[in-house]
Structure formats: structure tokens, C-alpha cells
Amino acid sequence: MSLLTIFLTVLVFTLLTVVYLKGRRVVENSAPESLVKFHFIMVAVRFLFAVTAVGIYSLFSSNREDTIYFAALVVILYLAMIVATLILKH
């Protein structure tokens, strides 16, 4: 797994976290009754992105070991994203 792959994966998960936090702030100010819907939509988007990224990487990777490392990286970043949003949200 290359450094570029790691950097891009971290960058995308960081952007997803920022989008969630900014979007939550906008929804909270404009339509607070839709906050639960927004949260569930973003949870689905983030989860589907993580699963899709691992699936696409495994299709194009020629090395099984790299695929396992990438999947572990995505799981760690996904958990870090959840923890960061929970800490910053409360």
C-alpha cells in the first residue's frame, strides 16, 4: 500500500467528518426537526463509502496482504471518524 493511498484515504475520511459537522450545524440552525434524518443519512453515506472503498480496492489490488492492510486502515479511520464526531458534537 502506497503513501498516496494512505494520504488520500485519510483525506477523504477527514472531509467526511468536516462535511458531517458543518452539515449538522446548518441543519440544526435551519430545521432542527430534521436533525435525526440528517444524522441517519450521513451515517449511511459514511458506512457505504467505507464498504465501497474496501470493495473497489480489493478488486483492483493484486496483493491480498495490501487489501487486508487497507481494510484495517479504513476500519481504524471509520472508528476515529465516529469518535471525533461524537466528541465534537457533545
Side-chain angles (χ1 to χ4, degrees):
M1 188 166 47
S2 69
L3 286 176
L4 179 64
T5 304
I6 295 170
F7 174 74
L8 290 176
T9 307
V10 170
L11 178 68
V12 169
F13 274 98
T14 304
L15 289 174
L16 281 173
T17 304
V18 170
V19 165
Y20 174 79
L21 292 173
K22 296 290 183 184
R24 184 180 187 280
R25 212 172 289 146
V26 167
V27 171
E28 201 171 51
N29 291 335
S30 62
E33 67 277 356
S34 299
L35 197 57
V36 174
K37 291 177 191 174
F38 173 76
H39 175 71
F40 282 122
I41 289 170
M42 285 303 294
V43 165
V45 167
R46 295 185 308 181
F47 179 75
L48 287 175
F49 171 76
V51 171
T52 304
V54 171
I56 290 173
Y57 190 87
S58 67
L59 284 176
F60 293 112
S61 177
S62 59
N63 190 350
R64 182 177 182 269
E65 195 171 299
D66 280 348
T67 302
I68 293 171
Y69 289 144
F70 182 75
L73 174 69
V74 168
V75 167
I76 290 168
L77 289 174
Y78 187 78
L79 292 175
M81 179 176 55
I82 290 171
V83 168
T85 55
L86 287 175
I87 288 172
L88 295 173
K89 187 171 80 170
H90 295 291

Same cluster for Val26 and Phe38 if Ile/Leu/Val/Met/Phe/Trp/Tyr side chains link at under 4.5 Å? no
Same cluster for Val43 and Val74 if Ile/Leu/Val/Met/Phe/Trp/Tyr side chains link at under 4.5 Å? no
The single option from Val10, Val12, Ile82 that satisfies side-chain contact (heavy atoms from CB on, under 4.5 Å) with Leu77 is Val10
Can you tell me how far apart CG (Leu35) and CZ (Phe40) are? Round to the nearest 0.5 Å. 10.5 Å
Interatomic spacing from CG in Leu21 to CG in Leu16 - rounded to 0.5 Å: 11.0 Å
Between atom CG of Asp66 and atom CZ of Phe60, what is the distance when rounded to the nearest 0.5 Å? 15.5 Å
Show, in sequence, the C-alpha distance, side-chain angles and deciding distance for Thr9 and Phe70, and conclude whether the side chain to side chain contact (heavy atoms under 4.5 Å, CB included) test is met. CA-CA 9 Å; Thr9 307; Phe70 182 75; 3.3 Å; yes
Between Phe13 and Leu86, is there shared hydrophobic-cluster membership here, with clusters defined by ILVMFWY side-chain heavy atoms closer than 4.5 Å? yes
Roughly how far, to the nearest 0.5 Å, is CG of Leu73 from OH of Tyr78? 15.0 Å
Got a second to check how far Leu15's CG is from Met81's CE, nearest 0.5 Å? 11.5 Å
Identify whether Val45 and Val18 are in the same connected component of the hydrophobic contact network (ILVMFWY, side-chain heavy atoms under 4.5 Å). no
Please list, chain by chain and in numerical order, all residues satisfying ring pair (Phe, Tyr, Trp, His ring centres under 6.0 Å) with Tyr69, sequence neighbours excluded. none
Rounded to the nearest 0.5 Å, how far does OG1 of Thr14 lie from CG of Leu11? 6.5 Å
Test of understanding: clusters of I, L, V, M, F, W, Y form through side-chain heavy atoms closer than 4.5 Å, transitively. Do Ile76 and Phe49 belong to the same one? no
Got a sec, which pairs hit side-chain hydrogen bond (donor to acceptor under 3.5 Å, both in side chains) with one end in residues 32-58, sequence neighbours left out? Tyr20-His39
